[in-house]
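Numbering of residues begins at 1 and proceeds along the displayed sequence.
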Amino acid sequence: MLRKLGIESPLQLAVMLCVTSLIVVTTLGGSGGAPEIFFTYRTMLAVVAILCAIGCHRADVRISRWFLGLVAFLLFVMFVSVLRIQGSHFDSLYLSYRYTFFICAFVSLAHYNRYQSAAWKGWILASVITVNLMHLIPDLLMNRHPVKGFSLNNADYFATFLLIGLACSVAAAIYGIRTKWRIGAALSAVVLLLGVVQTLSRAATLAIIAIITIAAIRSRKQIPRHVWLFAGLVVLVVVVIVAPQLVSKFLLHGESDPYNYARIQIWLSSLRIIAEHPVLGVGLGQFSNVSKRFAFPVDGQVARYMVRIGMAHSEYLQHAAEIGIPAAVLLFLLLAYLLYQMSQRAHSVGPEYRCFPEAALLTAVGLGTHALVDNCWTIPVTASGLIVLSLADPLPLQKKIIHRQWRVSHLALAGALILAIYIHAVAIPGLALYYNDRGHKAYDNFDFKRAEKYHLKALAIVPDHAPFLDNLGMVYLDKAIQAKDAHLLELSRIYFARAAAANPLSLDPLVHMEAALTRSTNGDSEHDSEIYHRIIETDMKLLSIDPFIPFVRKNLAGALYTLGNREQALRELQTAIEYEPNYVPGYLQFATWYEDLGDTSSSEQYTAKAIAIVNKYRDARLREPYEKILLGRPLSTAESHGDPR
């Protein structure tokens with residue numbers, strides 16, 4: 001049985017099990033990866049890289065030095081972009097190691113796959129398709145709309161994953177050497193296509209068109225043009241019938257969700273971020289923090305600034321913004337070169353191997369097309385996508401002149417280096433993320449004692465990570481509110497201050513610090529005066545990161561007014577209303593202040609404006625806490641427990 005799969009040695013069996021497990025495991029933790037999945041998939045990537053390197057040690061060819069040099073330089077530039085970030089480097093190193101592990105595993109596996117049989121490669125390709133179907137078919141049978149699979153928070157991410165299975169199925173249906181395989185692959189392609197369109201992802205639908213178009217062009221000798229035209233027409237009819245909501249998303253142009261149709265504004269904001277830091281970028285993982293200053297209004301809704309950019313909605317722009325234009329250009333040039341290699345070698349391999357470079361090319365077309373308009377290279381997508389690309393023999397190779405024997409001292413040094421990297425990149429962050437996740441779950445269950453214990457353990461492992469510090473601060477804040485304990489309130493402020501120092505561009509610690517300070521007043525004029533000064537300092541920092549939050553600006557105005565700086569207070573509150581014209585509490589605050597100042601006419605005008613807005617949206621069904629706060633509506637307990645921003 002194993003020989004039929006091309007497995008003839010324990011090493012081949014180990015590599016096959018690791019690769020197959022990697023395809024499965026990366027989909028089990030959602031699109032981002034739970035702590036247990038993080039630890040497992042990174043360990044597997046390291047094992048795959050090592051085992052494949054051992055398997056290629058006695059090969060007659062090796063990977064070209066210029067290619068390895070460019071890859072090493074790319075990773076070095078990414079590391080430099082991490083070091084220039086102020087505060088903690090945990091998030092950026094997390095992403096930097098992610099790139100490093102995936103690239104090393106891909107290069108090593110691609111070299112190893114060069115020497116494997118068609119049966120071996122076919123099993124891996126079949127594993128990718130099978131995992132796709134395993135996640136898709138239950139949703140189809142349960143008639144879920146939209147189909148989300150393992151990506152419950154964003155169906156678009158699942159659609160990207162399905163594109164890989166679709167590309168592999170199309171390639172196998174066209175270039176498979178056995179009729180039963182081709183029929184099975186064709187059926188799989190139909191099911192996966194239905195799945196993609198039922199995720200209601202417009203970008204993934206466009207990627208399907210790109211995959212089918214390239215497949216039709218490259219297979220024109222195998223399949224006549226009129227057959228492809230007929231297949232395309234059938235696909236179009238099927239999409240209209242089974243996914244009318246998707247058709248509506250293409251035609252509505254933002255009537256129901258304007259932000260979902262604001263790609264051009266998002267890309268322009270991303271270009272402004274790139275223009276600020278064109279050489280080294282803002283740093284890995286920093287886009288979501290920096291981008292808040294470049295938010296844009298979405299008119300026609302209750303709230304204009306409810307949604308922040310968060311991501312570039314383009315992998316190309318995201319990478320250019322975070323690692324800089326030179327590094328991003330190098331990354332994409334290397335990927336383009338690998339695609340060129342695949343295309344060239346597709347015409348030089350035997351019939352039994354042809355389907356693998358074609359599957360890799362179609363996968364690259366699908367993922368590359370979707371990446372133009374979305375951030376879609378999640379962990380499951382990256383893992384399965386690179387595994388498929390590794391089957392295409394894409395690496396530049398050169399003849400190995402000297403077969404060097406590794407000395408024991410060399411092996412010991414290499415082993416120590418690998419172990420050190422593994423501890424720093426996997427063991428330490430994995431354990432810290434595990435305890436932080438346990439703390440989150442305890443916090444969500446209002447078990448503050450256990451939450452405190454687990455968050456302290458996470459901080460004992462990684463003491464300067466802003467989210468860990470902020471999480472512990474929130475535990476103390478909620479305990480202080482529950483117990484009315486001033487000491488716990490002060491403790492929460494200490495951790496929020498440490499979190500803000502660990503990441504000066506992070507908004508959450510400052511938002512939570514403001515909440516803690518607001519609850520710290522006690523009626524003593526001298527004490528409260530100091531608190532109001534600290535609120536002003538905190539709010540000024542907040543607004544330097546995100547100038548469009550009306551609630552923060554109103555709180556700033558309130559502190560200024562209390563301290564006697566009424567003119568600036570009125571200006572800040574007016575700015576809040578200019579950003580959010582439906583901000584009812586802002587108008588009511590104006591009414592109160594003008595009443596205090598003896599301007600009854602102005603007070604009545606602002607009261608009338610607030611009433612008019614309330615009446616205008618009286619029957620509006622609001623889902624977001626941001627909108628409810630904007631209109632002055634009460635929040636539920638669950639909503640008030642979270643961050644209304």
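Contact check on Lys441 versus Asp444 returns no salt bridge, with no Lys/Arg side-chain nitrogen under 4.0 Å from an Asp/Glu carboxylate oxygen. Salt-bridge check for Arg293 with Glu276: passed, with a basic side-chain N closer than 4.0 Å to an acidic carboxylate O.
Ring orientation note: the planes of Phe158 and Phe161 are close to parallel, at an angle under 30° on the 30°/60° scale. Phe448 and Phe446 have perpendicular rings, their planes meeting at more than 60° on a 0 to 90° scale where under 30° would count as parallel.
The shortest heavy-atom contact between Pro581 and Ile613 is O-CD1, 3.4 Å. Closest non-hydrogen pair, Leu284 versus Ser92, comes out as O-OG, 2.6 Å.
Ala204 is linked by a side-chain contact (heavy atoms from CB on, under 4.5 Å) to Ala159, Leu163, Val196, Ser201, His370, counting only residues two or more places apart in sequence or in another chain. By the side-chain contact (heavy atoms from CB on, under 4.5 Å) test, Phe548 is found to be paired with Ala295, Tyr305, Arg308, Asp546, Tyr579, residues two or more places apart in sequence or in another chain being considered.
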Let me have the donor-acceptor pairs involving side chains of residues 533-541, under 3.5 Å, with sequence neighbours excluded, atom names and distances please.
residue: His533; atom: ND1; partner: Ser529; partner atom: O; Å: 2.8
residue: Thr538; atom: OG1; partner: Arg534; partner atom: O; Å: 2.9
residue: Asp539; atom: OD2; partner: Leu556; partner atom: N; Å: 3.2

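Annotation: cation-pi pair Arg272/Phe294 absent, no NZ/CZ under 6.0 Å from the ring centroid and within 45° of its normal. The side-chain tip of Lys609 points at the ring of Tyr606 from less than 6.0 angstrom away and within 45° of straight on.
Residues Leu162 and Tyr157 are not in side-chain contact: their nearest non-hydrogen atoms beyond the backbone lie 4.5 Å or more apart. Ile273 is listed as a side-chain neighbour of Ser291, based on a closest heavy-atom distance under 4.5 Å. You'll find the side chain of Leu507 stays beyond 4.5 Å of the side chain of Asn289, heavy atoms only.
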